[in-house]
Amino acid sequence: MSANRSIVTASHIGRSFPRRRQHNISRDAGDILRNILCLPAKHDRDEEEFWALKDVSIEIRPGDSIGVIGRNGSGKTTLMKMLSGLLTPTRGTIDIDGEIQALINLGAGFNQRLSGRENIVNGIRLRGMNPRKHADLIEKIIDFAEVGSFIDGPVETYSSGMKSRLGFALCIFLRPDLIVIDEALSVGDLAFQNKCKLQLQAMKQNGVAMLLVSHSMTSIRQFCDRALWIHNGELLADGPVDEVIADYLQFIEQESLKVDRPKLDLGLPEPVDLPQAEIIPGKPWSARVDKRWTNRESTDTKRIDDPDRSYLADTPGYRWRRPAISESQVEELYGGYVEPQDFEDFRAAFLVDGSPSDSVMVNQPCTIEYAFQPKRPIKDLNVSLVIHTKDGKRLSTISTLNGDLLKHAGSDRVLCRVDMNDIPFAAGHYVVTISVHEGSGYLWRDVILELKILSNRFMVWNQISMQYQYKVFRIRS
Amino acid sequence: MTIFSTAKQTLRDMHFGLRSAPGQGWGLAARDIRIEYIHTKLGLFWAFIEPLAVAAVFILLKNNGSLEISGLTMPYSLFAVSGILIWQTFFDSMMMSLNSLNRASSLIGNYSVPPESLILAMIYRSLFLLAMRLPIIIGLALAQGMLHWEGALLFSLLYTIPAVGGVTVGIFLAPFTLVSGDLRLAVSVIARPMLYLSGAVFPLTGRLSVFLHWNPIAIVIEELRACLLSPSITHILLLLQVSAGIVVLLLLSWFSYHRTMRTYV
């Protein structure tokens, strides 16, 4: 398919639903008759209609990856259904030229009484393909869905996860020109989700256009180059993903400030009115700082000479050793384990005062460095470092997604250094995990460092030890 | 958009929908038939049992002498079984199509299936019903020594008229079942007693013979029965009128079904 050709061209589309649906009577015969006779809808009915989408125009070409964002009930799913050909517009036109697969309500189209295999065969037939000629495709779908021996049992005996996995596998293996994904990336467990994401990433690289609806801005940024922001059925923005997301998040923040929060009655005593002091003319009140105090240690730390140099680059003999934490522990405590693929020669170092260390003081500056060599060009690479407590509480994530630092790394060797002004966690045992992503699929997920944070001379009562400066004023008249 | 441009666009979409309809329609029909008999041990044999039971009852009544109606050109059991099964094919096809938009809502909501595939699936299913009932009628005619082979061939061909006619009436009314469930119930309640005014069970004589000219299904039943005895059509013009009416109604129904399906379901 030519890249200049549009898969979907939607012009000024709108979709209304009758409010009367709530009363079991959806339409009157007049509405249906007018529609059959190609007559326009009565305008005086507009007040009885709910317009889920109004005057939206979009063009989707091969290779486009578009995120759709917006609050609940903004019209995203209606738009998806219309662009997939599942709903016709009440106003406007949609031209579709290509095969579209919609991942909406995964598994909802399955017949519960038929087996998984029979539903796959039906699904293939419904897409105009001959199942006999695509026996290999059926086997690929079964393998991908990981439903095992259940495949020949009726779908009504499947768990909801199995149905979703089967639905997902069926959709993505049918070689569409456009794939429409409506919040369907959270299907199955982490390993399956990762498999799906990598598959979608491969499809994207092969020129399959994608339309992704998600409330996860991370997913949208990982997958998409362009974003649409739908609000109250209207297209508020259509542009580069970073700009649209920034505008949307700003809008959400402003909206949340508008919400009137009820006053909580905590039973606290009312403030006591102090007797007013007499102000003597020419002798104003004054204040001076009496004491200063900070929880930051005054350290004359030995920093490496040039903060733009890399310890790993300068020390080829340094050997990184994976912490002795089993894969099943990683799976259970730190969000999941994914075997490394498509890169080699990984090294990581935790540096304090410019030297490798396994411990650091609370609020002391420190550095993490890592390096690896991709075995093939990796598009949309990003790496996240996550700091967890040893017992699995996720504390902080540092990702190259902010700034798209590694997006265009390709097949070059990756060497990164993360300088932290302080490590603001209470004393204890911590681990650092790494997630290497291609798009939103994982190429690796594992623990890379284990460290101890040691107490300094200040007490820390909770998990986080923020740096602060306390000032107490002495007031005199 | 003007009325004409909307209609033109719909006709283009209908033409486009036809491209994938044969394969998809076959898949949908095969799936629905399979689902109907999936939890049965006898499977497809049940499709034979229903017409077989009808035939058995009338043979029993005839042998018992309970039913003797004079002036018939064929034994009453053959008269009644052929009439009832033709009428039943029409009725079943009509009800199946009438309910199609409601029954397929999950499918329509999740797959990009053109309306043409659903219509074709209903025609395939009604032909399946026909295929299950035809051997019973032919077998009964053969058993009673009334069968004329060329006539049987013509009968088989013309038997498609009530099957496709039932689908046509069903899809014509189907869009209006979306207004409320009343229409479905009304059609079912009104159509059932019409069995007795279609010449299926009793010959239409006296004042009732007016139905032989005005009730299309009565015309079809009468002509089909005549085919069993000789390879000729007695009222060819009347049957052609009915067939032409069905074709015209099918085209109109197809248009209205297409416009309704993705707009309201």
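A quick note: this is a predicted structure, and the numbers were derived from the prediction, not measured. Every chain is numbered from 1, with letters handed out A, B, ... down the list of sequences. Side chains included, hydrogens not; waters and symmetry mates left out as well; all remaining heavy atoms used.
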Select one option (side chain, backbone, both, neither) describing which atoms of A:Leu37 are under 4.5 Å from chain B's heavy atoms.
-> backbone

Please look at A:Gln101 and chain B and tell me whether the side chain, the backbone, both or neither of the residue comes under 4.5 angstrom of a heavy atom of that chain.
-> neither

Who wins among B:Ala21, B:Ser20, B:Gly23, B:Pro175 for the most heavy-atom pairs under 4.5 Å with chain A?
-> B:Pro175

Considering all heavy atoms, the nearest [X]-[Y] contact:
{"X": "A:Cys38", "Y": "B:Ile3", "value": "O-CG1, 3.6 Å"}
{"X": "B:Ile35", "Y": "A:Arg113", "value": "O-NH2, 3.4 Å"}
{"X": "B:Gly27", "Y": "A:Asn122", "value": "O-OD1, 4.0 Å"}
{"X": "A:Ile36", "Y": "B:Arg259", "value": "O-CD, 3.6 Å"}
{"X": "B:Gln24", "Y": "A:Arg125", "value": "CG-O, 3.6 Å"}

Would you find more than 12 non-hydrogen atoms of other residues, nucleotides or ligands less than 6.0 Å from [X] atom [atom1]?
{"X": "B:Arg12", "atom1": "CZ", "value": "yes"}
{"X": "B:Phe172", "atom1": "CZ", "value": "no"}
{"X": "B:Tyr196", "atom1": "OH", "value": "no"}
{"X": "A:Phe150", "atom1": "CZ", "value": "no"}

About how many Å separate OG1 of B:Thr260 and CG of A:Leu33, when rounded to the nearest 0.5 Å?
-> 9.5 Å

Side-chain contact test, heavy atoms from C-beta onward, threshold under 4.5 Å: evaluate it for A:Leu86 versus B:Ile108 and give yes or no.
-> no

Side chain / backbone / both / neither for B:Ser256 at chain A, heavy atoms under 4.5 Å = both

Dump the intermediate steps for side-chain contact (heavy atoms from CB on, under 4.5 Å) on B:Arg34 and A:Leu114, then the final yes or no.
-> CA-CA 8 Å; B:Arg34 168 128 178 74; A:Leu114 296 179; 3.8 Å; yes

For A:Ile32 and B:Val179, what are the C-alpha separation, side-chain angles and deciding distance, and is it a side-chain contact (heavy atoms from CB on, under 4.5 Å)?
-> CA-CA 8 Å; A:Ile32 290 175; B:Val179 177; 3.7 Å; yes

